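The structure appears below as structure tokens.
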Amino acid sequence: MTEADPSARSAEPGDALLSVENLRKRFGGIVALDGVSVDVEQGITGLIGPNGAGKTTLFDCITGFLEPDSGRVRFDGEDITGDRPATLAQHGLVRSFQIPRELESMTVRENLLLSTPNQYGERLTGTWVRGEKFAADERRARRRADETAAFFELDHLLEEPAGNLSGGQRKLLEIARALLTDPKMVLLDEPMAGVNPSLEKKILDRIHELEAEGYAFLLVEHDVDVIMEHCEHVIVLHQGDLLTQGPPDAVRTDERVIDAYLGEEEL
């Protein structure tokens, strides 16, 4: 889908690509994270928990939108605790949001072009030296944006203002923008929320295709059936702490998880 070298996204077998160690975060008297420690390896990992369990706070602390009070975050062998989102994107760690943050007045293509890294025009010399190198780089960026749009079946909307897209199409655009940064891991915060079944299937199909290419995903989703059917490993948070983790079948039948979701019918 992109020109990135797949080998650059590989981790040693059994190594955790993302490690969270004893992460804590308080908001006044509310403890949002109470010493969470988890490892996330290659593949698709699900993160679930009741409302208020700390899922989004964990995402925010991992990806630099919040600074944890204590604890460490390591990604691809490096300590990234407290690094800002732009720095983390350069290291290959990006995220989406529950509510997509596209630039509504810009077209789909323009939104995608903004996410393409290492463009010649971003350099100081590139702002005033124009020539064949600049033009070739522009063509490369445009080609990557168009190919990514086609992969997510958004190519027929390239000239459409992003603000005109449906909720599901915005989710696809947000994931597409994240992938244009050439990440090693993508954290998806409720990518299926408010999406119709047809687009939900499309998003899940794309996630599996990208996993096969070597991308890693950490996925927050309230639809537990989606997590159990599409993730290889599941992490469960409850009241700001790790409740359990493991393969979907083991998590689904864990009495603590059933109790946390107030009944077996939720699972």
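In this chain, numbering begins with 1 at the start of the sequence shown. Below, all heavy atoms of this structure are taken into account, side chains as well, without hydrogens, waters or symmetry copies. Since this is a predicted model, take the numbers as computed values, not measurements.
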To the closest 0.5 Å, what do you measure between CD1 (Ile207) and CG (Leu204)? 5.5 Å
In one Ile/Leu/Val/Met/Phe/Trp/Tyr side-chain cluster, 4.5 Å: Phe151, Phe217: yes
For Thr57 and Leu66, work out which heavy atoms get closest and say how close. CG2-CD1, 4.2 Å
Do you see a donor-acceptor pair shorter than 3.5 Å between the side chains of Ser37 and Asn22? no
I'd like to know if Leu179 and Leu158 are part of one continuous hydrophobic network [Ile/Leu/Val/Met/Phe/Trp/Tyr, side-chain heavy atoms within less than 4.5 Å]. yes
What's the spacing between Asp76 CG and Met185 CE if we round to 0.5 Å? 9.5 Å
Nearest heavy-atom contact between Met106 and Asn111 is O-ND2, 3.4 Å
With rounding to the nearest 0.5 angstrom, report the CG to CG distance, Leu173 to Leu157. 9.5 Å
Is there side-chain contact between Asp225 and Arg252, with at least one heavy-atom pair below 4.5 Å? yes
Kindly give the heavy-atom pair with the smallest separation between Val36 and Gly240, and that separation in Å. CG2-O, 3.2 Å
Heavy atoms, side chains only, cut-off 4.5 Å: are Glu229 and Asp223 in contact? no
Mind listing the closest non-hydrogen atom pair of Lys171 and Glu190 along with its distance? NZ-O, 3.1 Å
Salt bridge check: are Glu209 and Arg206 linked by an N-O gap of less than 4.0 Å? yes
So Ile62 and Phe75, do their side chains get closer than 4.5 Å, heavy atoms only? no
Leu93 vs Leu187, side-chain contact (heavy atoms from CB on, under 4.5 Å): CA-CA, chis, key distance, verdict: CA-CA 8 Å; Leu93 180 65; Leu187 279 63; 3.4 Å; yes
Atom of Arg95, atom of Phe65 and distance for their closest heavy-atom approach: CD-CE1, 3.5 Å
Considering only heavy atoms from C-beta outward, does the side chain of Arg143 approach that of Asp146 to under 4.5 Å? no
Transitively linked via ILVMFWY side-chain contacts under 4.5 Å: Val186 with Val226? yes
Is there a side-chain contact between Leu33 and Pro68 in this structure, where contact means two heavy atoms from C-beta onward sitting under 4.5 Å apart? no
Between Arg144 and Asp182, is the side-chain contact (heavy atoms from CB on, under 4.5 Å) condition met? List the steps. CA-CA 11 Å; Arg144 287 194 62 193; Asp182 295 334; 2.8 Å; yes
Determine the sole option in Glu211, His208, Glu221 for which the side chain to side chain donor-acceptor pair (under 3.5 Å) test with His230 is passed. His208
To the nearest 0.5 Å, atom NE2 of His233 lies from atom CD of Glu41 at 7.5 Å
Does any N or O in the side chain of Glu160 come within less than 3.5 Å of the main-chain N or O of Val108, such that one atom is a donor and the other an acceptor? no
Lys25 and its salt bridge (Lys or Arg N to Asp or Glu O under 4.0 Å) partner, picked from Asp34, Asp60, Asp69: Asp69
Quick check: closest heavy atoms across Val220 and Pro191, and the distance to 0.1 Å? O-CD, 3.5 Å
Atom OG1 in Thr45, atom CD in Gln42: separation rounded to 0.5 Å? 9.5 Å
Can a salt bridge be assigned to the pair Glu104 and Arg170 using a cut-off of 4.0 Å between side-chain N and carboxylate O? yes
Any side-chain heavy-atom pair of Ile203 and Leu172 under 4.5 Å: yes
To the nearest 0.5 Å, atom CD of Gln245 lies from atom CG of Asp39 at 7.5 Å
Sub-4.5 Å side-chain heavy-atom contact between Cys61 and Val73: no
Checking side-chain contact (heavy atoms from CB on, under 4.5 Å) for the pair Met228/Ile48: CA distance, chi angles, key distance, verdict? CA-CA 10 Å; Met228 297 301 173; Ile48 64 173; 4.2 Å; yes
Check whether any side-chain heavy atom of Leu112 lies under 4.5 Å from a side-chain heavy atom of Arg177, and answer yes or no. yes
Determine, for Phe59 and Lys55, whether the Lys NZ or Arg CZ falls below 6.0 Å from the six-membered ring centre while staying within 45 degrees of the axis. no
Could you give me the CA-CA distance, side-chain angles and deciding distance for Ser96 and Asp189, then say whether side-chain hydrogen bond (donor to acceptor under 3.5 Å, both in side chains) is met? CA-CA 6 Å; Ser96 71; Asp189 196 351; over 6 Å; no
